[in-house]
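Naming convention: chains lettered A, B, ... in sequence-line order (proteins, then strands); numbering from 1 in each chain. Note that the structure is predicted; figures quoted are calculated from it, not measured.
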Protein chains: 2
Amino acid sequence: MTAENRADHRPASPPLTERQEARRRRILNASAQLAARGGFDAVQMREVAEAAGVALGTLYRYFPSKIHLLVATMQDQLQHMHTTLRKRPPAGADPAERVAETLMRAFRALQREPQLADAMVRALTFADRSVSPEVDTVSRLTTAIILDAMGTEHPTPSQLSAVRVIEHTWHSALITWLSGRASIAQVKIDIETVCRLIDLTAPAPAPEPAR
Amino acid sequence: MTAENRADHRPASPPLTERQEARRRRILNASAQLAARGGFDAVQMREVAEAAGVALGTLYRYFPSKIHLLVATMQDQLQHMHTTLRKRPPAGADPAERVAETLMRAFRALQREPQLADAMVRALTFADRSVSPEVDTVSRLTTAIILDAMGTEHPTPSQLSAVRVIEHTWHSALITWLSGRASIAQVKIDIETVCRLIDLTAPAPAPEPAR
DNA sequence: ATCAAGTCTGTAACTTGTTCTAGATTAGCG
DNA sequence: CGCTAATCTAGAACAAGTTACAGACTTGAT
């Protein structure tokens, strides 16, 4: 929320007219809708273009690849989620609990549209260097959500590392669940497990006799 | 190393003749070689087939998709690594150190062939349900490597969860490094951070007054 | 209102993963 | 050896992501 608005999610290079904004939105909606139906494979560029009412070439002008499109779709969804989560902040007593609660809430949201989750997460981890900026934006959004839940304004490097590890676990656990190799219960356990790292890296303010 | 040899890496359905074994090996070598050159994209099925001296249809009979092929390639490489690692076990005093050391050793090995690593890891995380058994085998191999480093014979559920989280972090950190979004130093820090979970889940044998 | 530059459309072509087919080869067996 | 089923080969064909291009439409500036 500070000055890092530069790469927020619109490169801002050309300001985009109203019609263009509308096209972009139609594309993202079409993408999300197709993804929600049949997952990654169902998001076919020709179909997205048709559903959004734009030509294939235009679709590619807005999103230079299917991966870019799906990562942008994820950005979009994450933004929704972030505002939704802010409305009812987690109630846990300590940061670890609150983060686990937040992530599980997000997880439940994803469970409602598993195919969409599949498409987005697969795209995210499959993205190569050419999508780095966009993936980074998603990562920053996720970090913001986690830090929000922690209630930490100025995280230490060690806390940031813990947050990164939590994100790693979050993505990877999601994938194992989506591909049917882990149960929901297992994901829950893993998230709770990794969240313990937060206590471990807390900057020992005053109470809590650790070791 | 016990009785779970059943799904080791050969489905054992038809025992495979010598020539077939040789074909399979040629294919895996070709795959690894092409991957080492140009990463995921350079592993093109027609090229693999040609390099291995088999027809395209045959390649598909052995590995039903590019993802299957690359995941099998990873199995293969992991097996090498496992035996290599066993020759010189990690020297650290406590389990967390040893695991971190082992993973960093593996990481350095991957750094020597970053393109190969890219191809294998991308395939692994992109794999869908149809590849679950193979991905699971890779996962079991990784677990075995980590448990070896821990020196833990009979892990508790809580320890297994920690190991899963470590694997999640390992894969995901690898991806962020491969796509240029994290430095080697950051990967190191994240691995060391997540390895602290091992101490946290140790079954408190006698010393260590926690809380 | 007019012109130039930039966008958008429709469509075809190209690439690479995947499938299919017809005809050779090979393996196992009597 | 000679037969049969399975396997392998070569090559065409198909699918979906991506690129290319000619012509129509918008936009912004004069």
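- Distance CD (A/Glu18) to C1' (C/dC8): 18 Å, rounded to an integer number of Å.
- The phosphate of C/dC8 has OP1 or OP2 within less than 4.0 Å of a side-chain N or O from A/Gln20.
- Atom pair B/Leu59:CG and C/dT19:P shows a separation of 12 Å (rounding to whole Å applied).
- Which of D/dT7, D/dT18, C/dT19 sits closest to the side chain of A/Met45 comes down to D/dT18.
- Distance, A/Glu47 CD to D/dT18 P: 15 Å, rounded to whole Å.
- No engagement by B/Phe63 is indicated, since no non-hydrogen atom pair under 4.0 Å with the nucleic acid exists.
- Distances were taken from every side-chain heavy atom of A/Arg61 (C-beta onward) to each of D/dT18, C/dC8, D/dT7; the shortest belongs to C/dC8.
- Listed candidates were C/dT18, D/dA10, C/dT26. Nearest to the side chain of B/Arg19 is C/dT26.
- In terms of phosphate contacts, B/Tyr60 brings no side-chain nitrogen or oxygen within less than 4.0 Å of OP1 or OP2 of D/dC8.
- A salt bridge does not link B/Glu21 to B/Arg25: none of the charged side-chain nitrogens sits closer than 4.0 Å to a carboxylate oxygen.
- Side-chain N/O atoms of B/Arg46 and base N/O atoms of C/dT18 include a donor-acceptor pair closer than 3.5 Å.
- Nearer the 5' end of DNA chain D, as judged by each residue's closest nucleotide, is the contact made by A/Gln44, out of A/Gln44 and A/Leu56.
- In this structure, the separation between CG on A/Leu178 and OG1 on B/Thr125 is 12.0 Å, given to the nearest 0.5 Å.
- Rounded to a whole Å, the NZ atom of B/Lys66 is 12 Å from the C1' atom of C/dT15.
- Remark: C1' of C/dT16 and CD of B/Glu50 are 15 Å apart, rounded to the nearest angstrom.
- Rounding to whole angstrom units, OH of residue A/Tyr62 and C1' of C/dT7 are separated by 8 Å.
- Summarising the geometry, the separation between CG on A/Asp41 and P on C/dT18 is reported as 10 Å, rounded to the nearest angstrom.
- By the 6.0 Å and 45° rule, B/Lys66 does not stack over the aromatic ring of B/Phe126.
- Defined by atom type and a distance below 3.5 Å, a donor-acceptor pair is present between the side-chain atoms of B/Arg181 and B/Ser179.
- A/Ile67 has its CD1 atom 10 Å from the C1' atom of D/dG17, to the nearest Å.
- In this structure, B/Val48 reaches neither bases nor backbone, as no heavy-atom distance under 4.0 Å exists between it and the strands shown.
- Looking at A/Asp190, A/Thr169, A/Thr193, A/Thr176 one by one, the single match for side-chain hydrogen bond (donor to acceptor under 3.5 Å, both in side chains) with B/Arg164 turns out to be A/Asp190.
- Both B/Thr17 and B/Gly57 lie near DNA chain C, and the one whose nearest nucleotide falls closer to the 5' end is B/Gly57.
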